[in-house]
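Reviewing the structure listed below.
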Amino acid sequence: MAKIQAIRGMNDVLPQDSVVWQYLEAQVKDVLDAYGYSEIRMPVVEYTHLFKRSIGEVTDIVEKEMYTFEDRNNESLTLRPEGTASCVRAAEEHGLLFNQTQRLWYQGPMFRYEKPQKGRYRQFHQIGVEAFGMSGAELDAELILLTARLWKSLGLLEHVTLELNSLGSSEARAHYRQVLVDYLLQFEAQLDEDSKRRLASNPLRILDSKDPNTQDILRQAPMLEDYLDEESKEHFAELCHILDTNGIRYVLNPKLVRGLDYYNRTVFEWTTSSLGAQGTVCAGGRYDGLVAQLGGKSTPGAGFAMGVERLVLMLETLQLVPESARQTLDLYLAAEHKGLQAALISLAEQLRTAIPGLRLRSHCAGLKNINAKAQQAGATLALIVKQNGESLCGTLWQDGSPQEVNAEGFVAAIVAALNKQV
RNA sequence: GUGGAUGUAGCUCAGUUGGCAGAGCUCCGGAUUGUGAUUCCGGCGGUCGUGGGUUCAAGCCCCAUCAUCCACCCCA
């Protein structure tokens with residue numbers, strides 16, 4: 001019988017990594033709180049047409065990467081490949097959008113049927129942030145400042161680069177798209193295979209082609225920035241101005257286009273060179289037409305998503321996870337011999353009650369390497385207990401130095417030792 | 001979806017022209033010891049990713065398959 005294993009591209013997050021996830025999630029939540037964003041939780045499955053209508057029928061995601069199936073009622077359902085569409089659907093469905101502003105965030109698994117590789121998985125996790133009802137550039141700036149603050153708090157700021165571009169209004173973008181296709185069609189036979197395919201699916205991405213011949217053809221091609229409408233230009237200029245005055249460094253990348261159809265005006269991407277081929281760590285932009293496109297009253301929106309696996313990978317390879325994040329225990333409690341088992345457990349219970357928040361694990365199986373075990377378990381303190389007549393006494397170890405304590409002194413000694421650490 | 005590399009103990013890896021599956025670390029037990037570190041002794045641990053084939057004999061050669069990694073593609 002074949003060995004049972006996880007589905008390809010879907011990974012278990014083991015304890016040594018889950019502490020990093022928790023650290024990252026806590027930092028993200030702090031930053032989001034600081035900007036007044038509220039959490040929203042959506043289902044992982046939606047009707048298939050939600051994604052077809054929002055992401056775009058001819059994108060790679062919809063055409064070949066979705067986990068789509070029929071339920072028992074013959075409805076076509078899809079495991080969400082991204083969060084924005086669900087978030088818009090949920091906000092619209094519950095009346096969070098009409099005549100009001102909303103700042104929302106969510107986190108959770110997304111699913112895309114792709115060939116797995118480092119930083120790219122079939123079930124992956126995103127933390128997404130979406131804001132509705134605000135059309136000004138100050139919102140775009142807020143989103144970027146928020147991410148920059150997060151990178152700073154994680155120690156990642158110097159390892160990421162912000163790339164920025166404007167796609168213009170939806171009309172301007174559609175117009176440019178047509179002009180570009182018309183131009184490229186003259187050279188269709190000379191384009192590389194991928195670019196030929198993109199002529200129909202996502203022509204703007206041809207600008208990114210690595211094929212030198214295609215790049216030669218592109219040299220004479222019409223430029224997106226020449227087709228921007230005036231309002232979009234002003235919007236973009238305002239955004240750049242705010243970023244400049246707040247000391248955010250960015251690179252203008254006129255070839256930056258996002259893969260999803262719903263973006264307009266501002267698009268941005270935080271990238272890193274420390275992850276290999278999958279270098280985008282956070283990306284997003286404005287999508288003023290999406291709410292209307294999904295059947296709601298026209299409301300502007302903007303947002304981004306960050307890839308949790310990629311950020312975790314970065315934190316680990318750059319060794320930016322603070323030691324305290326890996327410490328999941330404060331105290332390792334052990335007894336001199338197994339006869340003390342019952343007393344040890346009741347002492348552990350008493351300590352948990354007496355010292356709220358104390359993280360304690362007790363162990364009653366021989367004293368060999370007890371401090372090493374404590375350290376391995378992530379505890380900074382070890383208390384080794386022995387019998388003293390009727391009551392207990394013990395040795396409290398901290399940083400390799402012992403301190404003799406009697407039963408009445410346990411709580412005080414532990415509290416003092418923990419405070420000393422801080 | 002395309003191309004390439006890899007797969008041997010919990011981990012890191014040796015394993016010669018095909019000839020009895022190994023080391024270090026970890027883990028468990030013991031000795032020494034200052035209830036730490038160091039040192040010493042012993043033990044657990046394997047269908048060599050899986051399934052076929054060639055051969056007297058396969059970890060090694062051949063085919064298939066699964067998984068991981070790298071690049072393309074795509075994207076978070």
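Note that the structure is predicted; figures quoted are calculated from it, not measured. Order of the sequence lines sets the chain letters (A, B, ...), proteins ahead of strands, with each chain counted from 1.
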Within this structure, what is the CD-to-P distance between A:Glu404 and B:G36, rounded to whole angstrom?
13 Å
Can you check whether A:Leu360's main-chain N or O pairs, donor with acceptor, with A:Arg352's side chain at less than 3.5 Å?
yes
Kindly express the pairing pattern of RNA chain B in dot-bracket notation, using | wherever a base pairs with another strand and counting only Watson-Crick or G-U pairs under 3.5 Å.
(((((((..((((.....[..)))).(((((.......))))).....(((((..]....))))))))))))....
Just wondering, do A:Phe124 and B:A76 stack (centres under 5.5 Å, planes under 30°)?
yes
A:Gly9 near the nucleic acid: base, sugar-phosphate alone, or nothing, with a heavy-atom cut-off under 4.0 Å?
sugar-phosphate
According to a strict under-4.0 Å criterion, is A:Arg120 in side-chain N/O contact with OP1 or OP2 of B:C75?
no
Please produce a list of atom pairs where a protein N or O lies less than 3.5 Å from an N or O of nucleotides 4-7 of chain B.
none

Report which part of the nucleic acid A:Glu82 touches: base, sugar-phosphate, or nothing (heavy-atom distance under 4.0 Å, all strands).
nothing
Going by atom types only, do A:Glu130 and A:Tyr287 share a side-chain donor-acceptor pair under 3.5 Å?
yes
For A:Gly284, answer base if it contacts any base atom (sugar-phosphate contacts may also be present), sugar-phosphate if it contacts only those atoms, and nothing otherwise; contact means non-hydrogen atoms under 4.0 Å.
nothing
Assign each of A:Leu275 and A:Glu65 to its nearest nucleotide of RNA chain B by heavy atoms, then name whichever residue's nucleotide is nearer the 5' end.
A:Leu275
A:Phe410 and A:Gln350, any side-chain heavy atoms less than 4.5 Å apart
no
The side chain of A:Arg198 lies closest to which of these nucleotides: B:U68, B:A76, B:C74?
B:C74
Rounded to whole Å, please give me the gap between CG in A:Asp192 and C1' in B:U2.
14 Å
